[in-house]
Amino acid sequence: PLDKDELGSKSWAFLHTMAAYYPDKPTKNQKADMNNFFHIFSKFYPCNICAEDLQEQLKHSPPETGSQEKLSQWLCRIHNEVNKKLGKAEFDCKLVNQRWRDGWLD
Ligand code: FAD
């Protein structure tokens, strides 16, 4: 059976990793494609309540596709809104590239 939490953590891993490797200087096409990607993703994400929620979030806060940094920070904020709704801890968005790209600096 479909496990909403397992699907969620794996989907976030994919989405944050994709944002982490998005270009620093995307072309016009890459920006348009990334914007389309999130809109289409939100229509087919196989958890209804999650998908509807994401569609609402995209209306208020469209994907910031100007650069890797912008996209990763935007997605971090989107994920934090879901964390808040679910009563989970807020993630410190300054650490997003360490978590999803560079590894922890210690
Ligand atoms: P997850 O929230 O899955 O996070 C995985 C890892 O990402 C964490 O361990 C942490 O290292 C890192 N992380 C956490 N926050 C951030 C952040 N802000 N930025 C970067 N990295 C971060 N579940 C519902 O019950 N209702 C919903 O409406 C819902 N909507 C969802 C919408 C989307 C688009 C997605 C992908 C998932 C949604 N989920 C929803 C699932 C939910 O967000 C979690 O994935 C699930 O509850 C499992 O949580 P988790 O504790 O494993 O950590």
Side-chain angles (χ1 to χ4, degrees):
L2 209 157
D3 179 332
K4 188 155 58 72
D5 285 351
E6 194 191 349
L7 174 72
S9 67
K10 287 177 173 169
S11 299
W12 286 121
F14 162 64
L15 293 171
H16 287 297
T17 305
M18 178 176 68
Y21 288 87
Y22 184 70
D24 292 328
K25 294 189 164 133
T27 64
K28 250 174 107 179
N29 274 334
Q30 286 172 323
K31 290 187 222 179
D33 285 345
M34 187 53 74
N35 183 58
N36 287 335
F37 170 84
F38 275 101
H39 283 90
I40 294 168
F41 178 90
S42 78
K43 296 186 193 183
F44 292 100
Y45 188 71
C47 155
N48 266 325
I49 171 81
C50 310
E52 282 168 17
D53 238 61
L54 182 59
Q55 286 169 33
E56 276 310 306
Q57 283 185 295
L58 291 173
K59 280 184 203 159
H60 302 298
S61 170
E64 294 184 17
T65 59
S67 66
Q68 185 268 320
E69 189 61 27
K70 285 205 162 79
L71 188 66
S72 293
Q73 291 299 314
W74 168 80
L75 188 60
C76 187
R77 292 195 298 274
I78 293 285
H79 191 166
N80 269 338
E81 284 187 40
V82 177
N83 287 340
K84 199 175 182 181
K85 185 180 93 170
L86 300 178
K88 290 181 193 276
E90 187 180 329
F91 185 90
D92 180 353
C93 290
K94 286 197 298 293
L95 302 178
V96 86
N97 281 347
Q98 286 187 45
R99 171 70 177 92
W100 296 106
R101 196 186 66 183
D102 304 331
W104 299 111
L105 304 173
D106 45 19

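Every number for a ligand or one of its atoms is a count from 1 in the order of the listing. Here the structure is a predicted model, which is why all the values come from computation and not from measurement.
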Do [X] and [Y] have side chains that approach each other closer than 4.5 Å (heavy atoms only, starting at C-beta)?
| X | Y | answer |
| --- | --- | --- |
| T65 | F38 | no |
| H60 | E81 | no |
| F91 | H79 | no |

Short side-chain to backbone donor-acceptor contact, [X] and [Y], under 3.5 Å:
| X | Y | answer |
| --- | --- | --- |
| E64 | Q73 | no |
| E90 | K84 | no |
| Q57 | I78 | yes |
| W100 | A19 | no |
| E52 | I49 | no |

> Does ligand 1 have any atom that is closer than 4.0 Å to a heavy atom of E6?
Replying inline: no
Using a 4.0 Å heavy-atom threshold (strictly under), name the region of [X] that reaches ligand 1: side chain, backbone, both or neither.
| X | result |
| --- | --- |
| L75 | neither |
| I78 | neither |
| L86 | side chain |
| N80 | both |
| H16 | side chain |

Nearest heavy atom to atom 18 (N) of ligand 1, choosing from S42, C93, C76, belongs to C76
Note: heavy atom closest to atom 50 (P) of ligand 1, options K84, E90, E52, K88, belongs to K88
**Request:** Assess whether atom CG of N48 is packed by more than 12 heavy atoms of other residues, nucleotides or ligands within 6.0 Å.
**Result:** no
Closest protein heavy atom to [atom], given as residue, atom name and distance to 0.1 Å:
| atom | answer |
| --- | --- |
| atom 11 (O) of ligand 1 | R99 NE, 2.7 Å |
| atom 38 (C) of ligand 1 | C50 SG, 3.9 Å |
| atom 21 (N) of ligand 1 | W100 NE1, 3.0 Å |
| atom 47 (O) of ligand 1 | D5 OD1, 3.1 Å |
| atom 33 (C) of ligand 1 | W12 CZ2, 3.5 Å |
| atom 28 (O) of ligand 1 | K85 NZ, 2.6 Å |
| atom 1 (P) of ligand 1 | H79 NE2, 3.7 Å |
| atom 3 (O) of ligand 1 | S9 CA, 3.1 Å |

Can you tell me how the ring of F37 sits relative to the ring of F14, calling it parallel under 30°, perpendicular over 60° and tilted otherwise? perpendicular
Notebook entry, point to check: Relative to the ring of Y45, is the ring of F41 parallel (under 30°), tilted (30 to 60°) or perpendicular (over 60°)?
Noted result: tilted
Side chains of N80 and N83: is there a donor and an acceptor less than 3.5 Å apart? yes
- Protein heavy atoms: any of them under 4.0 Å from atom 53 (O) of ligand 1? no
Under 4.0 Å from one or more heavy atoms of V96, ligand 1 contributes atoms 20 (C)
Under 4.0 Å from one or more heavy atoms of K4, ligand 1 contributes atoms 24 (C), 25 (O)
**Message:** With nothing but distance in play, are any N or O atoms of Y45 less than 3.5 Å from an N or O of ligand 1?
**Reply:** no
